[in-house]
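Okay, so here's the structure we're looking at.
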Amino acid sequence: MALLALACVDVRAVQRDLLAWYAAHGRDLPWRRTRDPYHILLAEVMLQQTQVERALPKYREFLQAFPTVADLAGAPRAEVIRRWSPLGYNLRAVRLHRIAQQAAQERACRFPESLEELLSLKGVGRYTAGAIACFAFGQPVAFLDTNIRRVLGRCLGSIPYPAASQDRALLALAEEALPREQAYAWHQGLMDLGAAVCLRARPRCGECPLAAHCRARPLLEAEEGEGVGRSVREERPPYRVQPRYPGSRRYYRGRIVAALRVLPSGESLSLETLGRRLRPEFTAEHTEDAKWLRALVAGLAREGLVAVDSSEERGGPTISLPREPVRISS
DNA sequence: AAACCGGGGTC
DNA sequence: GACCCAGGTTT
């Protein structure tokens, strides 16, 4: 399938046109001015499900607070979680912290360079491993993110709305299409093109440097005009089915972390107090209320986002952000 | 394969 | 209010 797909496209021309476009239109971003794997890792994790514009200021702040892997590894987790706000997906902060600790304790603050070893870091998946190998260590490895998947899936694969389920085939295609001497600019360019031109819902084919090569362009443009493209439009999967936010489990998890985040360092909250900060009508004596909150807190504790201290004499457990200082060995 | 995980910006 | 977003892990 992949071989067949590439046979239809002038890959060299695609490479040339994308690299030229990137040289002219690529954005100047701080994580493109460094090859420090720690900085690259930070950027990649922040950019998971978070747009560039929103990650940008936090990236700078975070590096100012934790300039080196050792600084991050040695920081209390509570501080790392505080600094993450308000990016969301707080588990990313925990994972980042753990990776830094692993690098500090087992590798003298160095990062592994091979794809395989990078993948062994918990919280580093195929995309992030590829990005670090390529962006920090200059390796010619292929990888997919949502933008690359869409650009390559459309241009080379003729798929208007490529899904993650097709990643096996698309990664093979990406490996064939990779210009090994310019893997860095190739990937950065694919991501910029996906973010600025080859948009998911309304691709700007008129501005696309790859329009002449793109196998999906006829399908996408037919979709613009009505009638003809209806069948294609119906193939478009919903972006992400998200439950209504206020009142959801997700919402209250976020509220719990937010409530603990603003606590003076060293303080913690009883379940009763925490519950009332989430919902004024909360009562610990109400069994349903208490069960609900305990379940939420237990989930957060399992992920390392909160700490539960049950050693208090009376009044039940108290909740805080995890604050135990971290020992690093060098 | 699908569900889960936040939050803010845009239209 | 719907749509969008440089993923990874768990079930």
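Order of the sequence lines sets the chain letters (A, B, ...), proteins ahead of strands, with each chain counted from 1. Note that the structure is predicted; figures quoted are calculated from it, not measured.
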| message | Need one value for A:Thr50: base, sugar-phosphate or nothing, where a base atom within 4.0 Å counts as base even if backbone is also close, heavy atoms only. | response | base
| field | Whole angstrom value for the distance that separates C1' of C:dA6 from NE2 of A:His39 | value | 18 Å
| task | Would you mind reading off the distance between A:Phe143 atom CZ and C:dG8 atom P, rounded to a whole angstrom? | result | 11 Å
| Is A:Asn90 close to A:Arg261 at the side-chain level, that is, under 4.5 Å between some pair of heavy atoms? | yes
| said: Using a 4.0 Å heavy-atom cut-off, does A:Ala201 contact any base of the nucleic acid, only the sugar-phosphate backbone, or nothing at all? | reply: sugar-phosphate
| Atom pair distance, as rounded to whole Å: CG in A:Asp145 and P in C:dG8 | 9 Å
| Cut-off 3.5 Å, side chains only: do A:Asp309 and A:Ser311 have a donor facing an acceptor? | yes
| task | Examine the side chains of A:Arg32 and A:Gln188 and answer whether a donor and an acceptor come within less than 3.5 Å of each other. | result | yes
| request: State, to 0.1 Å, how close A:Leu219 and A:Pro160 come at their nearest heavy-atom pair, and which atoms those are. | output: CD1-CG, 3.7 Å
| said: Near DNA chain C, counting only heavy atoms under 4.0 Å, which residues of residues 120-128 of chain A show up? | reply: A:Lys122, A:Gly123, A:Val124, A:Gly125, A:Arg126, A:Tyr127, A:Thr128
| query | Separation of A:Arg92 atom CZ from C:dA6 atom C1', in whole Å? | reply | 10 Å
| remark: A:Leu91 atom CG is separated from C:dG7 atom P, nearest whole Å, by 15 Å
| field | P-based separation of C:dA6 from B:dC11 [nearest Å] | value | 16 Å
| request: Please check the phosphate of C:dC5 (OP1 and OP2 only) for any side-chain N or O of A:Arg150 closer than 4.0 Å. | output: yes
| note | Footprint ends on DNA chain B, 5' to 3', for atoms under 4.0 angstrom from a heavy atom of chain A, come out as B:dC5 to B:dG8
| query | To the nearest Å, how far apart are A:Tyr89 OH and C:dA6 P? | reply | 12 Å
| Within the structure shown, what part of the strands sits under 4.0 Å from A:Trp84 by heavy-atom distance: base, sugar-phosphate, or nothing? | nothing
| query | A:Leu300 has an atom CG; how far is it from atom C1' of C:dT10, in whole Å? | reply | 16 Å
| said: Using side-chain heavy atoms (C-beta onward) and a distance below 4.5 Å, is A:Leu42 in contact with A:Phe66? | reply: no
Pairs under 3.5 angstrom only: tabulate donor-acceptor contacts from the side chains of residues 284-291 of chain A to other protein residues two or more places apart or in another chain.
residue: A:Asp289; atom: OD1; partner: A:Arg279; partner atom: NH2; Å: 3.2
residue: A:Asp289; atom: OD2; partner: A:Thr283; partner atom: N; Å: 3.2

If you look only at distance, which donor and acceptor atoms sit under 3.5 Å apart when one is on a side chain in residues 10-31 of chain A and the other is two or more places apart or in another chain?
residue: A:Asp10; atom: OD1; partner: A:Arg12; partner atom: N; Å: 3.3
residue: A:Asp10; atom: OD1; partner: A:Ala13; partner atom: N; Å: 3.2
residue: A:Gln15; atom: NE2; partner: A:Ala177; partner atom: O; Å: 2.6
residue: A:Asp17; atom: OD2; partner: A:His213; partner atom: NE2; Å: 2.7
residue: A:Arg27; atom: NE; partner: A:Asp192; partner atom: OD1; Å: 3.4
residue: A:Arg27; atom: NH2; partner: A:Asp192; partner atom: OD1; Å: 2.9
residue: A:Asp28; atom: OD1; partner: A:Arg33; partner atom: NE; Å: 2.9
residue: A:Asp28; atom: OD2; partner: A:Arg33; partner atom: NE; Å: 3.4
residue: A:Asp28; atom: OD2; partner: A:Arg33; partner atom: NH2; Å: 3.0

| request: Please name all residues satisfying side chain to side chain donor-acceptor pair (under 3.5 Å) with A:Arg92, sequence neighbours left out, ordered by chain then number. | output: A:Thr50
| Interatomic distance, A:Arg202 CZ vs C:dC4 P [rounded to whole Å] | 10 Å
| query | How far, in whole Å, is C:dT11 from B:dG6 if one measures between their P atoms? | reply | 16 Å
N/O donor to acceptor pairs below 3.5 angstrom from side-chain atoms of residues 136-145 of chain A, sequence neighbours left out:
residue: A:Gln139; atom: NE2; partner: A:Glu113; partner atom: O; Å: 2.6
residue: A:Asp145; atom: OD1; partner: A:Asn147; partner atom: N; Å: 3.3
residue: A:Asp145; atom: OD1; partner: A:Ile148; partner atom: N; Å: 2.8

